[in-house]
Number of protein chains: 2
Amino acid sequence: MDVKKIERIAKALGDPYRLKIIEAIKKNDGWMQCGCITDMLTIAQSTISHHLKQLVDADLLIAEKDGRNVRYIINKATFDEYTKFLTLFAN
Amino acid sequence: MDVKKIERIAKALGDPYRLKIIEAIKKNDGWMQCGCITDMLTIAQSTISHHLKQLVDADLLIAEKDGRNVRYIINKATFDEYTKFLTLFAN
DNA sequence: AAAATAAATCGAAATTATTCGATTTATCGA
DNA sequence: TCGATAAATCGAATAATTTCGATTTATTTT
């Protein structure tokens, strides 16, 4: 796991909307439709799309196309990796 | 641990200089003099001071004054808290 | 007390992120 | 095929962050 990736993950986690998105997906058994996320938040659809892109670019979410919808899924592996990385500093 | 604090931590961890600072302190047995950090990096002293402030504001580092020097110490408790928070998303 | 040193603060410039509305792309249903 | 729907992309405006040099504050040394 290189520095650039660590940085992308940390940055992606540092925005309140993106945190809300992750928390909602987690509560919804780890996956959620894009439209459902858009309904949940009060910001513009294009803004949400932008936030989702950042989460996908950081590998925190996986996007799966399903017809004209997109399913966003929590990528546990990346959370695990990042958590492990942070653990180094507390030991 | 409220959302605002989580956000401050995540943001503080999302900068390459701040990561370098944390890593260097960790390697140095968990603490380091401010001057040593300044010597290590090639950016302006005021910029480093600003980065250190953000790390202290996020409770990731503790600042301890020692004469005219300042010792920065890794705050393991905060790393632990944050790591635990992130673990929720991977389980 | 004066000079020197370490670190913080201030104000401004440059860079990067966020946000929006409008448009585009892709897929589905009639 | 045509219209409708879902999501991504684009370009521009606004907001936040990073960075610097200059100054200030606090402490130590001479």
Side-chain angles (χ1 to χ4, degrees), chain A residues 3-25 28 30-75, chain B residues 3-25 28 30-75:
Chain A
V3 179
K4 211 70 206 145
K5 174 155 193 187
I6 292 284
E7 211 189 305
R8 233 177 298 135
I9 293 170
K11 275 207 179 111
L13 291 171
D15 176 272
Y17 287 117
R18 292 195 291 264
L19 268 186
K20 248 185 212 158
I21 290 169
I22 293 169
E23 278 167 350
I25 295 177
N28 198 238
W31 66 274
M32 204 179 233
Q33 300 269 97
C34 180
C36 183
I37 297 168
T38 304
D39 291 345
M40 184 182 68
L41 302 173
T42 53
I43 52 178
Q45 180 267 323
S46 55
T47 303
I48 294 172
S49 189
H50 162 79
H51 284 312
L52 287 167
K53 183 168 161 39
Q54 288 194 65
L55 290 167
V56 170
D57 285 350
D59 278 330
L60 289 166
L61 294 183
I62 296 161
E64 259 186 19
K65 204 157 188 197
D66 176 24
R68 59 183 151 181
N69 303 306
V70 175
R71 220 187 341 270
Y72 283 96
I73 305 162
I74 288 195
N75 189 353
Chain B
V3 179
K4 209 69 206 144
K5 173 155 194 185
I6 292 284
E7 210 189 307
R8 234 179 298 135
I9 293 170
K11 273 202 178 118
L13 291 171
D15 176 272
Y17 287 118
R18 292 195 291 266
L19 268 186
K20 249 185 210 157
I21 290 170
I22 293 169
E23 278 167 349
I25 295 177
N28 199 235
W31 67 274
M32 204 177 233
Q33 300 269 96
C34 180
C36 183
I37 296 167
T38 304
D39 291 346
M40 184 182 68
L41 301 173
T42 53
I43 51 178
Q45 179 267 323
S46 56
T47 304
I48 293 172
S49 189
H50 160 81
H51 284 312
L52 287 167
K53 185 169 160 39
Q54 288 194 66
L55 289 167
V56 170
D57 286 351
D59 279 330
L60 289 167
L61 295 183
I62 296 162
E64 260 186 18
K65 207 162 184 190
D66 176 23
R68 60 183 151 183
N69 303 306
V70 174
R71 219 188 340 270
Y72 284 96
I73 304 161
I74 287 195
N75 189 353

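Owing to the predicted nature of the structure, the values given are computational and were not obtained by experimental measurement. Just the heavy atoms: all of them, side chains too, but no hydrogens, waters or symmetry mates, feed the values below. Chain naming here is simple, since letters A, B, ... match the order of the sequence lines and numbering starts at 1 in each.
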If I take atom [atom1] in residue [X] and atom [atom2] in nucleotide [N], what distance separates them, rounded to the nearest angstrom?
X: A/Leu19; N: C/dT18; atom1: CG; atom2: P; answer: 12 Å
X: A/Ile37; N: D/dA8; atom1: CD1; atom2: C1'; answer: 14 Å
X: B/Asn69; N: C/dT5; atom1: CG; atom2: C1'; answer: 9 Å
X: A/Leu41; N: D/dA7; atom1: CG; atom2: P; answer: 13 Å
X: A/Arg68; N: D/dT5; atom1: CZ; atom2: C1'; answer: 5 Å
X: B/Ile21; N: D/dT18; atom1: CD1; atom2: P; answer: 11 Å

Side chain of B/Arg8, backbone of B/Asp57: donor and acceptor closer than 3.5 Å?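 Confirmed, B/Arg8 side chain pairs with B/Asp57 backbone.
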DNA chain D: A/Thr38 or A/Lys11, which has the more 5' nearest nucleotide?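 Result: A/Thr38.
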Closest nucleotide of DNA chain D for B/Thr42 versus for A/Thr47: which of these residues is on the 5' side?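 The residue closer to the strand's 5' end, by nearest nucleotide, is A/Thr47.
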How close do A/Ile9 and A/Ala58 get, heavy atom to heavy atom, and via which atoms?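 Heavy atoms of A/Ile9 and A/Ala58 come nearest at CG1-O, 3.6 Å.
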Show the nearest heavy-atom pair for residues B/Met40 and B/Ile21, with the distance to one decimal.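 Smallest heavy-atom distance, with atoms named: CE-CA, 4.4 Å.
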C/dA8 phosphate, OP1 or OP2: any side-chain N/O from B/Ser49 under 4.0 angstrom?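 So the side-chain polar atoms of B/Ser49 do come within 4.0 Å of the phosphate oxygens OP1 or OP2 of C/dA8, strictly under.
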Record whether the side chain of A/Gln45 comes under 3.5 Å of the base of D/dA6 through a donor-acceptor pair of N or O atoms.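 No such pair is found, so the answer is no.
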Would you mind telling me which of [options] lies closest to the side-chain atoms of [X]?
X: A/His50; options: D/dA8, C/dA8, C/dT18; answer: C/dT18
X: B/Asp15; options: D/dA8, D/dT19, C/dA8; answer: D/dT19
X: B/Tyr72; options: C/dA7, D/dA22, C/dA4; answer: C/dA7
X: A/Tyr17; options: D/dA8, D/dG21, C/dT19; answer: C/dT19

Would you mind telling me which residue lines up with the more 5' stretch of DNA chain C, A/Asp66 or A/Ala44, judged by nearest nucleotide?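 Its nucleotide being nearer the 5' end, the pick is A/Ala44.
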Can you pull out the residues from residues 51-65 of chain B that lie within a 4.0 Å heavy-atom distance of DNA chain C?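 DNA chain C contact set from residues 51-65 of chain B: B/Lys53.
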Charged N-O contact under 4.0 Å between B/Lys4 and B/Glu7: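 Salt bridge: yes.
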Salt-bridge criterion met for A/Asp59 and A/Lys5 (N-O under 4.0 Å):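 A salt bridge is present here (some side-chain N lies under 4.0 Å from a carboxylate O).
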Could you tell me whether A/Arg71 contacts a base, only the sugar-phosphate backbone, or nothing, with contacts defined as non-hydrogen atoms closer than 4.0 Å?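 Counting heavy atoms under 4.0 Å across all strands, no contact is made by A/Arg71.
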Scan A/Ile43 against the nucleic acid and name what it touches under 4.0 Å (heavy atoms): base, sugar-phosphate only, or nothing.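 Sugar-phosphate contact only - A/Ile43 comes under 4.0 Å of backbone atoms but never of a base.
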Looking at side-chain heavy atoms only, is the closest gap between B/Asn75 and B/Leu61 below 4.5 Å?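 Contact flag for B/Asn75/B/Leu61 side chains = no.
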Per the side-chain hydrogen bond (donor to acceptor under 3.5 Å, both in side chains) rule, what does the pair list look like for residues 32-50 of chain A, sequence neighbours excluded?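 Matches after skipping sequence neighbours: A/His50-A/Gln54.
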